[in-house]
Amino acid sequence: MKAIKIVNSLPLFSDCAEPQGSGVLVRVVSSSICGTDLHLLPTGMLEGLIPGHECAGYTPDGKAVAIEPFHSCGSCLACADGLIAHCQAQDLPTVSGLTRDGGMAESVLVPEASLVELPTGLDVRIANLVETLAVCVRGFSRCRLNSKDKVLVIGAGSIGLGSAACLQARGMDFAVKARYPHQQAAAEQLGASLNVGDGYDLVVDAVANEKSMEEAVNCAKPDGRILLLGNFWEATPIVPELCQKELTVITSIAYKCTQPNRSFVEAASILFEHPHIADAMITHRFPLDGAAEAFATAADKNSGAIKVTFDVAPARRSVRC
């Protein structure tokens with residue numbers, strides 16, 4: 001099969017053997033590049049792997065599915081609660097595209113429990129966005145979001161805009177602090193105000209660095225909340241105002257993987273009901289053999305990229321217009 005493989009820390013279009021073993025062989029339609037892929041690429045952690053933890057496709061019986069990339073023992077207390085990223089049977093979680101072969105390929109082999117059937121009519125070519133939206137769904141489920149909250153999202157990459165999409169789907173008024181013109185345009189397309197003030201009930205940090213955390217603290221009202229949705233790669237100091245303003249910091253990672261309130265199910269529903277989300281977030285499309293250019297585009301802050309997607313195979317069924 002055709003796939004993208006990481007060789008010498010570079011994405012290489014390759015011929016690979018089709019995966020064998022237990023699980024379900026999903027024929028991939030769409031897969032996309034995540035900021036985590038870009039961060040881990042030079043570290044060697046992805047060496048020899050097929051990346052891609054944001055993907056969707058078809059099962060052998062023709063069902064359109066998105067794939068939860070975290071896999072687990074299925075029997076520990078964390079897994080029983082659907083918190084598979086915290087599986088207690090593993091030192092590190094097993095993740096398609098990060099610790100085992102993922103979806104930047106014509107096929108990917110995954111446990112049946114990781115499959116989430118898509119709503120009938122959802123375009124599978126945009127369903128790679130379900131994973132990103134699920135991260136945001138999970139975060140908002142943890143932070144006591146209510147309709148009266150004054151909300152600010154700091155950052156307008158895929159997680160920031162995914163947060164905007166979820167807020168718009170809930171009918172919320174909110175602002176987004178976006179750095180680049182193309183991000184500002186996408187945020188406005190998703191219903192955000194670009195007029196940023198202070199006194200927010202909830203500030204979503206979708207950047208995750210020292211500067212964004214300081215901004216979140218400054219913009220939150222006393223006794224407000226900060227939701228950390230970005231992935232911090234370095235230690236970040238606690239600024240004194242965090243304590244002085246009595247702020248609550250809420251962390252969130254991955255998704256809830258069981259019903260009720262399965263994150264992927266809600267995310268897929270949001271994307272189905274609001275397909276314009278893809279128009280705002282997917283900025284570039286490449287075939288698998290465009291791997292080098294696709295990764296370079298995703299890494300270039302001046303390229304206008306938000307979500308770079310691989311069109312692996314055509315969708316089989318009609319979609320809602």
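Everything numeric in this text was worked out from a predicted model, so none of it was measured. Positions are given from 1, in the same order as the sequence printed here.
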Fill in: Heavy-atom pair with the smallest gap, counting every atom of I84 and C257
CD1-CB, 3.6 Å

Practice prompt. Using the side chain to side chain donor-acceptor pair (under 3.5 Å) rule, collect all pairs that involve residues 235-253, keeping only residues at least two apart or in two chains.
Written response: none

Practice prompt. Kindly say whether C16 contributes a backbone atom to a donor-acceptor pair with the side chain of S14 at under 3.5 angstrom?
Written response: no

Worksheet item: Side chains of H182 and T283: donor-acceptor distance under 3.5 Å anywhere?
Response: no

Item to complete: Please report the shortest heavy-atom distance between C73 and C87, naming the atom on each side.
Response: N-SG, 3.5 Å

Worksheet item: Side chain of S114, backbone of V110: donor and acceptor closer than 3.5 Å?
Response: no

Practice prompt. On the 0 to 90° scale, with breaks at 30° and 60°, tag the F264-Y255 ring pair as parallel, tilted or perpendicular.
Written response: perpendicular

Discussion item. Can you confirm whether K5 is buried at NZ, in the sense that more than 12 heavy atoms of other residues, nucleotides or ligands lie under 6.0 Å from that atom?
Written reply: no

Practice prompt. Would you sort out whether L41 and I6 count as a side chain to side chain contact (heavy atoms under 4.5 Å, CB included), showing the intermediate values?
Written response: CA-CA 8 Å; L41 198 61; I6 305 303; 3.5 Å; yes

Fill in: Side-chain donor-acceptor pair present, T297, D300, cut-off under 3.5 Å
no

Worksheet item: Got a sec: does the NZ of K177 have more than 12 other heavy atoms crowding it under 6.0 Å?
Response: no

Discussion item. Assess whether a salt bridge exists between D201 and K150, defined as any Lys/Arg side-chain N lying under 4.0 Å from an Asp/Glu carboxylate O.
Written reply: no

Fill in: Cationic N near anionic O, under 4.0 Å, K63 to E112
no

Response to the item:
Applying salt bridge (charged side-chain N to carboxylate O under 4.0 Å, His left out) to D61 and not counting sequence neighbours gives none

Fill in: Short side-chain to backbone donor-acceptor contact, K301 and A305, under 3.5 Å
no

Discussion item. Under the criterion side chain to side chain contact (heavy atoms under 4.5 Å, CB included), I'd like the reasoning laid out for V249 against L228: C-alpha separation, chi angles, the key distance, then a yes or no.
Written reply: CA-CA 7 Å; V249 176; L228 303 183; 3.6 Å; yes

Discussion item. Is it the case that over 12 heavy atoms from other parts of the model lie below 6.0 angstrom from the CG atom of D173?
Written reply: no

Discussion item. Taking side chain to side chain contact (heavy atoms under 4.5 Å, CB included) as the criterion, tell me which of I270, V151, N146 meets it with R170.
Written reply: I270

Worksheet item: Nearest 0.5 Å, what's the SG-CD1 distance between C219 and I154?
Response: 5.0 Å

Discussion item. Quick one, H284 with T309, criterion side-chain hydrogen bond (donor to acceptor under 3.5 Å, both in side chains). Give me CA distance, side-chain angles, the key distance, then yes/no.
Written reply: CA-CA 6 Å; H284 297 75; T309 293; over 6 Å; no

Worksheet item: When rounded to the nearest 0.5 angstrom, what is the spacing between CD in Q189 and CD in Q168?
Response: 9.0 Å

Discussion item. Side chains of E68 and H53 only: does a donor on one sit below 3.5 Å from an acceptor on the other?
Written reply: no

Worksheet item: So which residues get pulled into Y180's cluster when ILVMFWY side chains under 4.5 Å apart are joined, directly or through others?
Response: none

Discussion item. If I compare all heavy atoms of L118 with all of A127, which pair ends up nearest, and what's the gap?
Written reply: CD1-CB, 3.6 Å

Discussion item. Evaluate R225 against D149 for side chain to side chain contact (heavy atoms under 4.5 Å, CB included), listing each step before the verdict.
Written reply: CA-CA 10 Å; R225 294 113 65 206; D149 279 337; 2.9 Å; yes

Worksheet, complete the sentence: The complete set of ring-ring contact (aromatic ring centres under 6.0 Å, His included) pairs with one or both residues in residues 122-150, sequence neighbours excluded, reads none

Pairs under 3.5 angstrom only: tabulate donor-acceptor contacts from the side chains of residues 22-37 to other protein residues two or more places apart or in another chain.
from	atom 1	to	atom 2	distance (Å)
R27	NH1	E18	OE2	2.7
R27	NH1	S107	OG	2.6
R27	NH2	E18	OE2	3.3
S30	OG	V124	O	2.8
S30	OG	N128	OD1	3.3
S31	OG	E54	O	3.4
S31	OG	G103	O	3.3
S32	OG	E54	OE1	2.6
S32	OG	N128	ND2	3.0
D37	OD2	C34	N	2.9

Discussion item. Is the shortest side-chain heavy-atom distance between F286 and V308 below 4.5 Å?
Written reply: yes

Fill in: Point-to-point distance, once rounded to the nearest 0.5 Å, from OG of S158 to CD of E131
8.5 Å

Worksheet entry | Residue pairs involving residues 202-242 (criterion ring-ring contact (aromatic ring centres under 6.0 Å, His included); sequence neighbours excluded) | H39-W233

Response to the item:
Rounding to 0.5 Å, atoms CG (N261) and OG1 (T258) come to a distance of 9.0 Å

Worksheet item: Same cluster or not: are L83 and I253 linked, directly or through other Ile, Leu, Val, Met, Phe, Trp or Tyr residues, by side-chain heavy atoms under 4.5 angstrom apart?
Response: no

Discussion item. Once rounded to the nearest 0.5 Å, what's the spacing between atom CG of L161 and atom CD1 of I277?
Written reply: 10.5 Å

Worksheet item: Out of curiosity, K2 NZ to L288 CG, how far, rounded to the nearest 0.5 Å?
Response: 10.0 Å

Worksheet item: Is the CD atom of Q259 crowded by more than 12 outside heavy atoms at less than 6.0 Å?
Response: yes

Fill in: Under 3.5 Å donor-acceptor, D101 side chain and I50 backbone
yes

